[in-house]
K.L.:
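Dumping the structure here so I can ask a few things about it.
Residues: numbered from 1 along the sequence shown. Every number for a ligand or one of its atoms is a count from 1 in the order of the listing.
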Amino acid sequence: MLNANDIRKQFPILDQTIYGKPLIYLDNAATTQKPLCVTDCIATSYNEINSNVHRGIHHLSQIATEQFEAARGKVATFINAQRSHEIIFTRGTTESINLVATSFGNTFINQGDEIVISTMEHHSNIVPWQMLCQRTGAKLRVVPLTHDLRFDFDAYKNRLNEKTRLVSVTHVSNVLGTINPIKEIIETAHSHGIPVLVDAAQSSPHIKTDVQAMDADFLAFSGHKMYGPTGIGVLYGKEKWLNAMQPYQFGGEMIQTVHFEKTTFNELPYKFEAGTPNYIGAIALGTAIDFIQAIGMENIAAHESALTRYTVERLKEIDNMRIFGTPDGAAISFLVGDIHPADMGTLLDRLGIAIRTGHHCAQPLIDYIGIPGTVRASFAMYNTKEEADVLIDGIKRVAKMFG
Ligand code: 7TS
């Protein structure tokens, strides 16, 4: 088991007051705070080894390149990828999904083809496919949810047919905290010969990611949601798909030879990394992964699940509490009576409690449930039971104000 109070010492931002109250940071699904080792790594990298990667013959460029490629290796180990050239550095989950929508889309999607997503997707796993469908005349098919807001597996099976070219689903819902049966989802798609993209933005910080065990064809996640810096993320893709796909962006580094008559493209992973990459971000993401590994993913998952279960039980003490779905990840969405989520959020903020309100970039899900939005508390490894208690007291106070 991990000691959250010890871990907090690595996160100086948590040690502050907001409106005179100790900060209770429960907006980790949006972004996590960064430990000192990550911010130190960023400063040290800029102060000591900064130099553009893959182009310099000089010493610093070689060190920067080595560290950048070592970070790629750490990511590969972290998600158990077979080959480190299956790791593409991107800006984050959003760019990773856009990359696949563009490159896989341009290569494999034609009029009449179908792409399957679910009702609980984040906008960044909806809109890129919607735009691809508009461009190509393909069709977006959406898997509904069961009455308890879980992925409807029977409906999913019915959505798959000979026209389906890709399934793209989230592993963990950013709104409901539901963990989807990703292995079974992939197995079912594969039995029809359909590849699957996994949106791991909300799972990579919380549960062990193993692309080989789940047999994912693509997997996307963001560094900033797992204690790493902003502006760096990952697309994992099976070599066979990445090799077959057209490049995403064009420019330096992604080419092999350029002549005005003809250009040839670089090998993986560089084919998909046009321009100067965020190599310092990647190096610091590697440090964030070291940090996570030192604490242990199993310990993190156990701590966050216990905290989520405890908070759900305590939330149930509150009159007119509605908890949406089954929060088995590290996020809980709720409403109290008819208190608007924005009012709840504003008043909790005055108590130093940072939570998220609204549609959480999953508007179709919120419409599906038929509510104006939710209040969402989401946990990280540094959150404590005491903080959950402060949240509960805060909600009770707000509820009392609204009578
Ligand atoms: N997919 C899921 C499941 C997400 O939760 C998010 C961000 C994204 C994709 C996009 O990630 P990005 O790093 O590219 O922006 N989710 C949230 C959230 O729940 N609140 O703020 C951002």
K.L.:
Which ligand 1 atoms are under 4.0 Å away from a heavy-atom of Asn174?
P.N.:
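In order of numbering, the contacting atoms are 5 (O), 18 (C), 19 (O).
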K.L.:
Within the 4.0 Å heavy-atom shell around Ser222, which atoms of ligand 1 are there?
P.N.:
11 (O), 12 (P), 13 (O), 14 (O)
K.L.:
With no hydrogens and no angle check, is any side-chain donor or acceptor of Ser61 less than 3.5 Å from a backbone partner on Asn52?
P.N.:
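Checking the backbone N and O of Asn52 against the side chain of Ser61, a donor-acceptor pair under 3.5 Å is found.
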K.L.:
Between Lys271 and Phe265, is NZ or CZ placed under 6.0 angstrom from the six-membered ring centre and within 45° of the ring axis?
P.N.:
no
K.L.:
Check step by step if side chain to side chain contact (heavy atoms under 4.5 Å, CB included) holds for Leu235 and Val100.
P.N.:
CA-CA 9 Å; Leu235 173 69; Val100 179; 3.7 Å; yes
K.L.:
Run the numbers for me: atoms of ligand 1, each under 4.0 Å from some heavy atom of Gln202, listed by number.
P.N.:
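Here the atoms of ligand 1 in question are 3 (C), 4 (C), 5 (O), 16 (N), 19 (O).
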K.L.:
Would you confirm whether Asn383, through its side chain, and Ala380, through its main-chain N or O, come within 3.5 Å as a donor-acceptor pair?
P.N.:
yes
K.L.:
Any donor and acceptor pair, going by atom type alone, linking the side chain of Ser333 with main-chain N or O of Arg376 inside 3.5 Å?
P.N.:
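No, because the side chain of Ser333 does not come within donor-acceptor range (under 3.5 Å) of the backbone of Arg376.
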K.L.:
Could you please spell out the steps behind the salt bridge (charged side-chain N to carboxylate O under 4.0 Å, His left out) verdict for Arg159 and Glu114?
P.N.:
CA-CA 9 Å; Arg159 293 288 184 287; Glu114 296 185 0; over 6 Å; no
K.L.:
Do any heavy atoms of Ala29 fall under 4.0 Å from ligand 1?
P.N.:
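True for this residue.
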K.L.:
Check each atom of ligand 1 against the heavy atoms of Thr170 and keep those under 4.0 Å away; list them by number with element.
P.N.:
3 (C)
K.L.:
Tell me which protein heavy atom sits closest to atom 15 (O) of ligand 1, plus the residue, atom name and distance to 0.1 Å.
P.N.:
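The closest one turns out to be Thr94 OG1, 3.7 Å.
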K.L.:
As a check for students: among Lys225, His123, His360, identify the option with a heavy atom nearest to atom 22 (C) of ligand 1.
P.N.:
Lys225
K.L.:
Counting only heavy atoms, which portion of Glu121 has something under 4.0 Å from ligand 1: side chain, backbone, both, or neither?
P.N.:
neither
K.L.:
In terms of relative ring orientation, are Phe218 and Trp241 parallel, tilted or perpendicular, with 30° and 60° separating the classes?
P.N.:
tilted
K.L.:
Can you report which non-hydrogen protein atom sits closest to atom 4 (C) of ligand 1, along with the distance?
P.N.:
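The closest one turns out to be His122 CD2, 3.4 Å.
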K.L.:
Looking only at atom types and distance, does a side-chain atom of Ser118 sit under 3.5 Å from a main-chain N or O of Met120, one as donor and one as acceptor?
P.N.:
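The answer is yes, because a donor-acceptor pair under 3.5 Å joins these two groups.
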K.L.:
What is the ring orientation for Phe153 with Phe151, classed by angle as parallel under 30°, tilted 30 to 60°, or perpendicular over 60°?
P.N.:
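If you compare the ring of Phe153 with that of Phe151, the planes turn out perpendicular.
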K.L.:
With a 4.0 Å heavy-atom cut-off (strictly under), which part of Ala201 contacts ligand 1: side chain, backbone, both or neither?
P.N.:
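Side chain only; the backbone of Ala201 stays clear of ligand 1.
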K.L.:
Quick one: does Glu95 get within less than 4.0 Å of ligand 1, heavy atoms only?
P.N.:
no
K.L.:
Side chain of Glu121, backbone of Thr170: donor and acceptor closer than 3.5 Å?
P.N.:
yes
K.L.:
Could you tell me whether Arg356 approaches ligand 1 through its side chain, its backbone, both or neither, with non-hydrogen atoms closer than 4.0 Å?
P.N.:
side chain
K.L.:
How far is atom 19 (O) of ligand 1 from its nearest protein heavy atom, and which residue and atom name does that atom have?
P.N.:
Arg376 NH1, 2.6 Å
K.L.:
Looking at atom 9 (C) of ligand 1, what's its closest protein heavy atom, distance included?
P.N.:
Ser124 OG, 3.1 Å
K.L.:
Give the residue and atom name of whichever protein heavy atom lies nearest to atom 3 (C) of ligand 1, and the separation in Å to one decimal.
P.N.:
Asp199 OD2, 3.4 Å
